[in-house]
Amino acid sequence: MDELSKEARRDSLTMLKNRWALEQADLTGQELILMIVDIDYFKQVNDTYGHQAGDEALKLVAEALKQEFGDQYCYRYGGDEFLVVGPVSQKDLREKFQAVQKALQDSQIFGKKVPLSLSGGYVQAVPQKEQDLDAMLQRADQYLYQSKEQGRKCLTGEN
């Protein structure tokens, strides 16, 4: 049963924690940064190279996020959206985000160069209840869309 419970909390494609794992986590009472990112022009990757290539792109992003932030803080939120939730400073967050961008710029998928980039938004707060975490996610999502409006490939958030 424990093994099935662990599997249910992981996205089967990327092996990152999933939405259900996020809902089950107790993230209240501690200072957190919540960052949401998505793959820039992901639809073009699927349309140009096929859905298998899109799946590979998702795996590459998941691996790059895990490398920089650690598996315990990374989630696949849905589609091409990923979350990083944890006790990270804004300076470290920005540096690690740039390292992820650098790792993805020369991506190879099925032997072809497919440069990937991310847009992101983040907030920093101390959620006291689950609704606070939902509010953080909504604000981070608004910052994500600001990043897209600013030309993508960047991270926007509260300073």
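In what follows, every heavy atom counts, from backbone to side chain, and hydrogens, waters and symmetry copies are set aside. By convention here, the first residue in the shown sequence is residue 1.
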CA sep, side-chain torsions, deciding dist, call: Lys17, Asp11, side chain to side chain contact (heavy atoms under 4.5 Å, CB included):
CA-CA 6 Å; Lys17 290 188 239 178; Asp11 174 67; over 6 Å; no
Sequence neighbours excluded, which residues qualify as salt bridge (Lys or Arg N to Asp or Glu O under 4.0 Å) partners of Asp106?
Lys113
d(Met35 CE, Leu144 CG) to nearest 0.5 Å is 10.5 Å
Answer yes or no: is there a side-chain heavy-atom contact under 4.5 Å between Tyr75 and Leu22?
yes
Go through Thr156 and Ser147 one step at a time and tell me if the side-chain hydrogen bond (donor to acceptor under 3.5 Å, both in side chains) criterion holds.
CA-CA 6 Å; Thr156 307; Ser147 291; 2.7 Å; yes
Treating Ile, Leu, Val, Met, Phe, Trp and Tyr as nodes and any side-chain heavy-atom pair under 4.5 angstrom as an edge, say whether Tyr41 and Phe110 lie in one connected cluster.
no
Quick one: are Tyr77 and Leu137 in side-chain contact, heavy atoms under 4.5 Å?
yes
In short, Tyr143 meets Tyr122 closest at the heavy-atom pair CD1-O, 3.5 Å
Where Pro115 and Gln105 come nearest, the two heavy atoms and their spacing:
CB-O, 3.3 Å
At what distance, to the nearest 0.5 angstrom, does OH of Tyr73 lie from NZ of Lys96?
9.0 Å
Which donor-acceptor pairs under 3.5 Å do side chains of residues 25-33 form with protein atoms, sequence neighbours excluded?
{"from": "Asp26", "atom 1": "OD1", "to": "Thr28", "atom 2": "N", "distance (Å)": "3.4"}
{"from": "Asp26", "atom 1": "OD1", "to": "Thr28", "atom 2": "OG1", "distance (Å)": "2.8"}
{"from": "Glu31", "atom 1": "OE2", "to": "Gln124", "atom 2": "NE2", "distance (Å)": "3.0"}

If you take all heavy atoms of Met136 and Val123, which pair is closest and at what distance?
O-CG2, 3.4 Å
Spatial distance of atom SG (Cys154) from atom CG (Asp40) [nearest 0.5 Å]:
8.5 Å
For Asp92, check salt bridge (Lys or Arg N to Asp or Glu O under 4.0 Å) against everything at least two apart and list the hits.
none
Are Val84 and Phe42 connected, step by step, through hydrophobic side chains (Ile, Leu, Val, Met, Phe, Trp, Tyr) whose heavy atoms are closer than 4.5 Å?
yes
CG on Leu118 to CD on Gln101, rounded to 0.5 Å
5.0 Å
Look at the side-chain heavy atoms of Ile, Leu, Val, Met, Phe, Trp and Tyr, link any pair under 4.5 Å apart, and say whether Leu13 and Ile109 land in one connected group.
yes
Do other residues, nucleotides or ligands put more than 12 heavy atoms under 6.0 Å from the CD atom of Glu130?
no
Where do Glu23 and Arg19 land on the salt bridge (charged side-chain N to carboxylate O under 4.0 Å, His left out) test, with the steps shown first?
CA-CA 6 Å; Glu23 291 170 8; Arg19 256 186 171 173; 5.7 Å; no
In terms of side-chain geometry, is the basic nitrogen of Lys148 or Asp38 positioned less than 4.0 Å from the acidic oxygen of its partner?
yes
Any residue meeting salt bridge (Lys or Arg N to Asp or Glu O under 4.0 Å) with Asp132, in chain and number order, not counting sequence neighbours
Lys129
Considering non-hydrogen atoms only, spot the tightest contact between Phe69 and Phe97 and give its length.
CZ-N, 4.0 Å
Output the distance between atom CD1 (Ile36) and atom CZ (Phe82), rounded to the nearest 0.5 Å.
10.5 Å
Return the minimal non-hydrogen interatomic distance between Ala8 and Asn18, and the atom names on each side.
O-ND2, 2.8 Å
Rounded distance (nearest 0.5 Å) linking atom CG of Leu116 with atom CD of Gln108:
10.5 Å
With sequence neighbours left out, write down each residue that passes salt bridge (Lys or Arg N to Asp or Glu O under 4.0 Å) with Asp80, or none if nothing qualifies.
none
Considering only heavy atoms from C-beta outward, does the side chain of Leu83 approach that of Val37 to under 4.5 Å?
no
Treating Arg10 as the side-chain partner and Met15 as the backbone partner, does any N or O pair qualify as donor plus acceptor under 3.5 Å?
yes
Let me see the working for Glu158 and Arg139 under salt bridge (charged side-chain N to carboxylate O under 4.0 Å, His left out), right down to the final yes or no.
CA-CA 9 Å; Glu158 297 177 350; Arg139 287 194 335 263; 2.9 Å; yes
Result block: side-chain N/O donor-acceptor pairs under 3.5 angstrom for residues 48-68, not counting sequence neighbours:
{"from": "Thr48", "atom 1": "OG1", "to": "Gln44", "atom 2": "O", "distance (Å)": "2.8"}
{"from": "Glu56", "atom 1": "OE2", "to": "Lys59", "atom 2": "NZ", "distance (Å)": "3.2"}

